[in-house]
Peer 1: 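If you scroll down you'll find the structure; I have some questions about it.
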Amino acid sequence: MTELHFEKKCLFCDIVQKQIPSTVVYEDETVLAFEDIIPQAPVHLLIIPKTHIPSLADLKPGDERIMADLILAIRKLAEEQNLLESGFRTVMNSGEGAGQTVFHLHVHLMGGRLFQWPPG
Ligand code: 5GP
Ligand code: ZN
C-alpha cells in the first residue's frame with residue numbers, strides 16, 4: 001500500500017479525502033477520477049493521483065507506478081464513456097502560464113464533441 005501525502009490547502013486533496021463533494025466516476029488505490037465542475041465538453045473528467053503532486057514539473061523517480069495507473073485509468077474511462085472510436089482529448093496544464101489553476105496534478109479527459117488544434 002502506497003502512503004498518500006495530502007496538502008492542507010489543496011482543493012483536490014480535499015476531494016480525495018471526501019471533505020469536498022464530487023461526482024466520482026473511478027477510484028482505486030492510487031487514482032481518483034471525478035466530473036469537472038465546469039465541463040468544457042459533454043464528457044469532462046479529471047483524473048488525479050490520490051497523493052499530492054503539484055504538477056508534471058514535480059514528478060520524481062518513484063512516481064512511475066502512480067503515473068502508469070493514471071494513464072491506464074484514462075484509457076479505461078475513455079472506453080466506459082464510449083470515446084475510443086470517436087476520439088478524446090487529454091490535457092495536462094502545468095504551471096500558471098499554461099492555464100493550471102489547481103496545483104494538484106490532473107489530466108482533463110474530454111470527449112463527445114469535435115476538438116480543434118492547436119488549442120488556445
Ligand atoms: P486546470 O485549470 O488547473 O487545468 O483545471 C482545473 C479544473 O478543475 C478546471 O477545469 C475546473 O473547472 C475544475 N474545478 C475547479 N474547482 C472544482 C471543484 O470544486 N470541483 C470539481 N469537480 N472541479 C473543479
Ligand atoms: Zn493536493
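If you're wondering where the values come from, they're calculated on a predicted model, not measured in any experiment.
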Peer 1: Do M110 and D36 come close enough that some side-chain heavy atom pair is under 4.5 Å?
Peer 2: no
Peer 1: Can you confirm whether H106 sits close enough to I47 that some side-chain heavy atom of one is under 4.5 Å from a side-chain heavy atom of the other?
Peer 2: no
Peer 1: With a sphere of 6.0 Å drawn around CD of E64, does it hold more than 12 non-hydrogen atoms of other residues, nucleotides or ligands?
Peer 2: yes
Peer 1: Measuring from atom CG of L72 to atom CG of D28, what distance do you get when rounded to the nearest 0.5 angstrom?
Peer 2: 10.0 Å
Peer 1: Which pair of non-hydrogen atoms, one from I66 and one from P49, has the smallest distance, and what is that distance?
Peer 2: CG2-CB, 3.5 Å
Peer 1: If we ignore hydrogens and angles and just use 3.5 Å, is the side chain of Q100 paired with the main-chain N or O of E96 as donor and acceptor?
Peer 2: no
Peer 1: Enumerate the salt bridge (charged side-chain N to carboxylate O under 4.0 Å, His left out) contacts for residues 76-93, please, sequence neighbours excluded, ordered by first and then second residue.
Peer 2: R75-E79, K76-E80
Peer 1: Is there a side-chain contact between K18 and V24, using heavy atoms and a 4.5 Å cut-off?
Peer 2: yes
Peer 1: Just distance, no hydrogens or angles: give the donor-acceptor pairs under 3.5 Å from side chains in residues 51-63, sequence neighbours left out.
Peer 2:
unit_1, atom_1, unit_2, atom_2, d
T51, OG1, H5, N, 2.7
H52, ND1, H104, ND1, 3.4
S55, OG, A57, N, 3.0
S55, OG, D58, OD2, 3.4
D58, OD2, S55, N, 3.1
D63, OD2, K60, N, 2.8

Peer 1: Calculate, to the nearest 0.5 Å, the distance between atoms CZ and SG belonging to F103 and C13 respectively.
Peer 2: 14.0 Å
Peer 1: Indicate if V25 and V91 have the same hydrophobic cluster label, given that clusters are the connected sets of ILVMFWY residues with side-chain heavy-atom separations under 4.5 angstrom.
Peer 2: no
Peer 1: Do I48 and V16 touch side chain to side chain, with heavy atoms closer than 4.5 Å?
Peer 2: yes
Peer 1: Measuring centre to centre across the rings, with the benzene-like ring taken for any Trp, is F6 within less than 6.0 Å of F12?
Peer 2: no
Peer 1: Give the ring-plane orientation class for H44 versus H108, where under 30° counts as parallel, over 60° as perpendicular and anything between as tilted.
Peer 2: tilted
Peer 1: Which atoms form the tightest heavy-atom contact between G112 and L83, and what is the distance?
Peer 2: N-CD2, 3.7 Å
Peer 1: Which distance, rounded to the nearest 0.5 Å, do you find between the CG of L105 and the CG of L70?
Peer 2: 6.5 Å
Peer 1: In Å and rounded to the nearest 0.5 Å, what is the CG to CD1 distance from L46 to I37?
Peer 2: 10.0 Å
Peer 1: Indicate the atoms forming the closest heavy-atom contact of L109 with A78, along with that distance.
Peer 2: CD2-N, 4.0 Å
Peer 1: To the nearest 0.5 Å, what is the distance between CD (Q17) and CD1 (I15)?
Peer 2: 11.0 Å
Peer 1: Less than 4.0 angstrom from a charged side-chain N to a carboxylate O is my criterion; do K50 and E29 meet it?
Peer 2: no
Peer 1: To the nearest 0.5 Å, tell me how far F115 CZ sits from F88 CZ.
Peer 2: 10.5 Å
Peer 1: To check you understand the geometry: which heavy-atom pair defines the closest contact between A33 and L77, and what is its length?
Peer 2: CB-CD1, 3.5 Å
Peer 1: Please check: side-chain N/O of Q40 versus main-chain N/O of I38, any donor-acceptor pairing under 3.5 Å?
Peer 2: yes
